[in-house]
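One structure below.
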Amino acid sequence: DNVVIGSLGAEWIVSQLGGKGNVVVLEGIPGAASSEDRKKGTAAVFPKYSGIKIVSQQTAEYDRAKALHVMENILQAQPNIDAVYCFNDEMAMGAMSAVKASKRTGIMITGMDANKDAVDAVKKGDLTMTIALPPYDIGRMGVIYGNWLITGEMSVPVKSVMPVSFITK
């Protein structure tokens, strides 16, 4: 459930910032269900905290190179950034490259998907966090539910949300 994932990531950032800070949000492809849902989840969280200010919210279309360019522009326009919340790891890696090149420090960068290079960047301390989605469990439960539908063995739940993990150093 990408709405839940978006809100969980936003709550994690708020917690890490102690409820105060300037946040950049990098969205995925406009109109894509995953991006729109993550945006909806995020939008339900950040406004609840008066100390959190969204200083920029733009699309980088789930693309590393676009995120690099977008983040370079944001860094020039925004002197104070505490966190960057990216709706996938490709954008987080692009944002990380832009921040490193700018020589700015103290900016928490997060992503989601737990791609190998993002997990490696978390281990090195370059990326603060990535959210690990459970694709194996999603596929496994899909097969189990499909079998239940065919056999009538059990009823399939209307909604089944897979838990996610936060990968940090």
Side-chain angles (χ1 to χ4, degrees), residues 1-17 21-46 52 54-78 80-140 142 161-169:
D1 185 325
N2 282 301
V3 175
V4 171
I5 293 167
S7 64
L8 288 173
E11 289 285 359
W12 189 92
I13 289 170
V14 169
S15 171
Q16 296 301 303
L17 293 176
N22 294 326
V23 178
V24 169
V25 178
L26 294 185
E27 301 173 7
I29 298 169
S34 61
S35 184
E36 295 302 321
D37 285 350
R38 290 171 185 180
K39 182 175 165 180
K40 183 177 179 183
T42 301
V45 172
F46 288 136
I52 297 292
I54 304 300
V55 295
S56 183
Q57 183 158 347
Q58 298 184 41
T59 183
E61 299 183 2
Y62 289 140
D63 183 88
R64 188 179 300 217
K66 287 181 183 176
L68 170 68
H69 179 70
V70 168
M71 194 65 207
E72 286 172 337
N73 290 336
I74 292 170
L75 286 162
Q76 290 176 16
Q78 298 297 330
N80 299 311
I81 299 171
D82 299 299
V84 182
Y85 184 27
C86 302
F87 288 1
N88 82 344
D89 283 341
E90 285 298 308
M91 294 186 298
M93 296 301 288
M96 180 188 76
S97 294
V99 170
K100 277 182 157 183
S102 76
K103 306 263 192 264
R104 300 228 332 235
T105 59
I107 299 175
M108 179 172 54
I109 304 169
T110 67
M112 53 182 81
D113 295 333
N115 293 346
K116 183 183 178 338
D117 57 348
V119 172
D120 290 344
V122 168
K123 287 177 185 175
K124 286 195 253 179
D126 294 331
L127 201 63
T128 309
M129 181 273 289
T130 182
I131 299 174
L133 310 177
Y136 173 81
D137 289 335
I138 293 169
R140 183 176 60 82
V161 178
M162 298 282 129
V164 298
S165 303
F166 295 90
I167 297 177
T168 62
K169 192 171 183 184

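All values below come from the heavy atoms of this structure, side chains included, with hydrogens, waters and symmetry mates left out. Model, not experiment: these values are computed from the prediction.
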Least distance between heavy atoms, [X] atom then [Y] atom:
X: Thr42; Y: Gly6; result: OG1-O, 3.5 Å
X: Glu61; Y: Ile29; result: O-CG1, 3.5 Å
X: Ala83; Y: Ile13; result: CB-CG2, 3.9 Å
X: Met71; Y: Ala98; result: CB-CB, 3.7 Å
X: Gly111; Y: Ala92; result: CA-CB, 3.8 Å
X: Met91; Y: Ala60; result: SD-CB, 3.5 Å

Under 3.5 Å, side chain of [X] to main-chain N/O of [Y], donor-acceptor pair present?
X: Glu36; Y: Gly31; result: yes
X: Asn22; Y: Asn80; result: yes
X: Ser35; Y: Gly28; result: yes

Evaluation steps, side chain to side chain contact (heavy atoms under 4.5 Å, CB included), between Asp113 and Tyr62: CA-CA 11 Å; Asp113 295 333; Tyr62 289 140; over 6 Å; no

Verdict with supporting geometry, Arg104 and Ile81, side chain to side chain contact (heavy atoms under 4.5 Å, CB included): CA-CA 9 Å; Arg104 300 228 332 235; Ile81 299 171; 3.9 Å; yes

So, do [X] and [Y] sit near enough that their side-chain heavy atoms are less than 4.5 Å apart?
X: Val24; Y: Gln78; answer: no
X: Ile107; Y: Leu75; answer: yes
X: Phe87; Y: Val25; answer: yes
X: Ile74; Y: Leu26; answer: yes
X: Val122; Y: Phe166; answer: no
X: Gln16; Y: Met129; answer: no
X: Glu27; Y: Arg38; answer: no
X: Ile131; Y: Leu8; answer: no

How long is the straight-line distance from [atom2] of [Y] back to [atom1] of [X], given to the nearest 0.5 Å?
X: Ile5; Y: Asp37; atom1: CD1; atom2: CG; result: 9.5 Å
X: Ser34; Y: Leu133; atom1: OG; atom2: CG; result: 10.0 Å
X: Met96; Y: Asp89; atom1: CE; atom2: CG; result: 10.5 Å
X: Asn73; Y: Ser56; atom1: CG; atom2: OG; result: 9.5 Å
X: Phe46; Y: Gln57; atom1: CZ; atom2: CD; result: 8.5 Å
X: Lys169; Y: Thr128; atom1: NZ; atom2: OG1; result: 10.5 Å

Stepwise salt bridge (Lys or Arg N to Asp or Glu O under 4.0 Å) test for Lys124 and Asp120: CA-CA 6 Å; Lys124 286 195 253 179; Asp120 290 344; over 6 Å; no

